[in-house]
Amino acid sequence: MVLGLYAFADIAADGAPHLNSAAGEELVRVERAAAVALGSRAPEPPGTLFITTRRVIWVSEVEKGKAYAVDFLAVSLHAVSRDPEAYPSPCIYTQIETEDGSDEESDESDSEVNVETELSKVTEMRIIPSDPCQLDGLFEAFSHCAELNPDPNAESDEENGWAHRDEGDEDMTGGSDAECEFSDVNPIGQTDEHDITHAVVELQINDQRFEDAEEAEHETHGNGH
């Protein structure tokens, strides 16, 4: 997995990207006439967007051989943006994780090396469809593919947390701890006969003690004390 945006060159003669079928990569959605805006730059001329089970690939329809790609594992956030104050055009807004976490963009673009470096530092990408009505469909495709590529770091954290039990322990979702916690408490309406008898005897004893105390108090007042 490559963190960050990168130039994509594995394009077939018909303009479609070659997918990594050996790794199970499949095409999920194709969006024609979609522009992309990288960082704070102006949008690129429209191209074709390919959403696969592993990554997002954009291929220019104007400049042959120009294409960008980003793995879903590097997409840390995606959302629909329709607020003109946030961005002039309705779009899918994405945040991209980079190798060094830097959000600085290089102004050097004279060589291929500088282009790669510049792309690798892009932390935001907006996908602007020609038809804003396609935004919800694009968002659903993004969400589906993001679920297919969970953060491996989040999985390792879960293994050390309550979601995955350690040997000899039970997690809360399994219900074992909850059952153990309340195993000594009888639910309402299910108190056994012994407990009822015991409670009644205690009540009778307490009532008798209360009556004895009351009689003693009357006797004291009757004697003038």
Side-chain angles (χ1 to χ4, degrees), residues 1-12 14-62 66-99 101-103 105 118-158:
M1 190 268 293
V2 179
L3 279 179
L5 191 73
Y6 55 92
F8 185 82
D10 197 5
I11 303 171
D14 61 357
H18 287 122
L19 304 183
N20 188 355
S21 56
E25 184 177 21
E26 298 177 359
L27 187 63
V28 173
R29 186 182 176 100
V30 178
E31 189 70 27
R32 306 285 179 184
V36 293
L38 308 180
S40 58
R41 306 177 204 172
E44 299 274 355
T48 304
L49 183 75
F50 299 88
I51 299 178
T52 80
T53 52
R54 296 175 63 88
R55 52 192 167 175
V56 180
I57 304 169
W58 179 84
V59 180
S60 175
E61 295 174 358
V62 176
K66 186 176 187 178
Y68 308 129
V70 59
D71 294 345
F72 269 105
L73 283 173
V75 177
S76 59
L77 182 148
H78 66 278
V80 174
S81 173
R82 292 189 175 96
D83 185 359
E85 293 185 2
Y87 195 76
S89 303
C91 62
I92 297 291
Y93 170 79
T94 65
Q95 287 184 357
I96 301 172
E97 294 184 15
T98 61
E99 292 287 353
S102 172
D103 58 358
E105 296 184 17
E118 191 175 357
L119 289 176
S120 69
K121 292 184 179 181
V122 172
T123 58
E124 295 180 333
M125 179 176 69
R126 291 175 173 85
I127 299 168
I128 309 160
S130 57
D131 181 4
C133 294
Q134 302 303 315
L135 281 175
D136 289 338
L138 284 172
F139 179 79
E140 288 179 6
F142 260 79
S143 299
H144 171 67
C145 295
E147 289 177 359
L148 297 177
N149 297 271
D151 186 350
N153 295 325
E155 285 186 357
S156 63
D157 290 342
E158 270 191 4

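No hydrogens, no waters, no symmetry mates; every other heavy atom, side chains included, goes into these values.
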Q. To the nearest 0.5 Å, how far apart are OG in Ser89 and CG in Leu135?
A. 10.0 Å
**Q.** Cationic N near anionic O, under 4.0 Å, Arg82 to Asp136
**A.** yes
Q) Under a 4.5 Å cut-off applied to non-hydrogen side-chain atoms, are Leu73 and Pro152 in contact? A) yes
Q: Indicate yes or no: at least one non-hydrogen side-chain atom of Phe72 is less than 4.5 angstrom from one of Thr53.
A: no
Q: Locate the shortest heavy-atom distance separating Val59 from Gly15; write the atom from each residue and the value.
A: CG1-O, 3.8 Å
Q: Mind checking the OG1-CG spacing from Thr123 to Leu77? Nearest 0.5 Å is all I need.
A: 11.5 Å
Q: Check Glu61 against Ala33 and note the closest heavy-atom contact, atom names and distance.
A: OE2-N, 3.5 Å
Q | salt bridge (charged side-chain N to carboxylate O under 4.0 Å, His left out) evaluation trace for Arg41 with Glu118 | A | CA-CA 12 Å; Arg41 306 177 204 172; Glu118 191 175 357; 3.0 Å; yes
Q: Apply the test side-chain contact (heavy atoms from CB on, under 4.5 Å) to residues Val30 and Leu49: give CA-CA distance (whole Å), side-chain angles for both, the deciding distance (0.1 Å), then the verdict.
A: CA-CA 6 Å; Val30 178; Leu49 183 75; over 6 Å; no
Q.
Tell me if a side-chain donor or acceptor on Thr94 pairs with a main-chain N or O of Met125 at a distance below 3.5 Å.
A. yes
Q.
Any heavy-atom pair between the side chains of Glu44 and Lys66 that's under 4.5 Å?
A. yes
Q: Please tell me if the side chains of Val36 and Arg126 come closer than 4.5 Å, counting only heavy atoms from C-beta onward.
A: no
Q: Looking only at non-hydrogen atoms, find the nearest pair between Ile128 and Cys91 and report the distance.
A: CG1-CB, 3.9 Å
Q. Closest heavy-atom contact between Tyr68 and Phe8?
A. C-CB, 4.1 Å
(Q) Could you go through Tyr93 and His78, starting from their C-alpha distance and side-chain angles, then the distance that decides it, and tell me whether this counts as ring-ring contact (aromatic ring centres under 6.0 Å, His included)? (A) CA-CA 6 Å; Tyr93 170 79; His78 66 278; over 10 Å; no
Q) Do Asp10 side-chain atoms and Pro17 backbone N/O form a donor-acceptor pair below 3.5 Å? A) no
Q) Are any non-hydrogen side-chain atoms of Leu27 and Leu19 less than 4.5 angstrom apart? A) yes
Q: Using a 4.5 Å cut-off on heavy atoms from C-beta on, say whether the side chain of Thr52 contacts that of Glu26.
A: no
Q) Out of curiosity, Leu148 CG to Ser143 OG, how far, rounded to the nearest 0.5 Å? A) 11.0 Å
Q: Please say which of Leu3, Val56, Val122, Ile57 ends up in a side-chain contact (heavy atoms from CB on, under 4.5 Å) with Val70.
A: Val56
Q | Ile51 and Cys145: CA distance, side-chain angles, deciding distance, side-chain contact (heavy atoms from CB on, under 4.5 Å) verdict | A | CA-CA 8 Å; Ile51 299 178; Cys145 295; 3.9 Å; yes
Q | Residues forming a side-chain contact (heavy atoms from CB on, under 4.5 Å) with Asp14, sequence neighbours excluded | A | Ala12, Ala16
Q.
Using salt bridge (charged side-chain N to carboxylate O under 4.0 Å, His left out), reason through Glu25 and Arg55 one step at a time and then give a plain yes or no.
A. CA-CA 9 Å; Glu25 184 177 21; Arg55 52 192 167 175; 2.7 Å; yes
Q.
Nearest 0.5 Å, please: how far is CG in Leu138 from CD1 in Ile92?
A. 5.5 Å
Q. Do the side chain of Trp58 and the main chain of Ala34 share a donor and acceptor less than 3.5 angstrom apart?
A. yes
Q | Heavy-atom closest pair, residues Pro43 and Ala35 | A | CB-CB, 4.3 Å
**Q.** Any residue meeting side-chain contact (heavy atoms from CB on, under 4.5 Å) with Ser76, in chain and number order, not counting sequence neighbours
**A.** Gln95, Glu97
Q) What are the two closest non-hydrogen atoms of Gln134 and Pro129, and how far apart are they? A) CB-CB, 4.5 Å
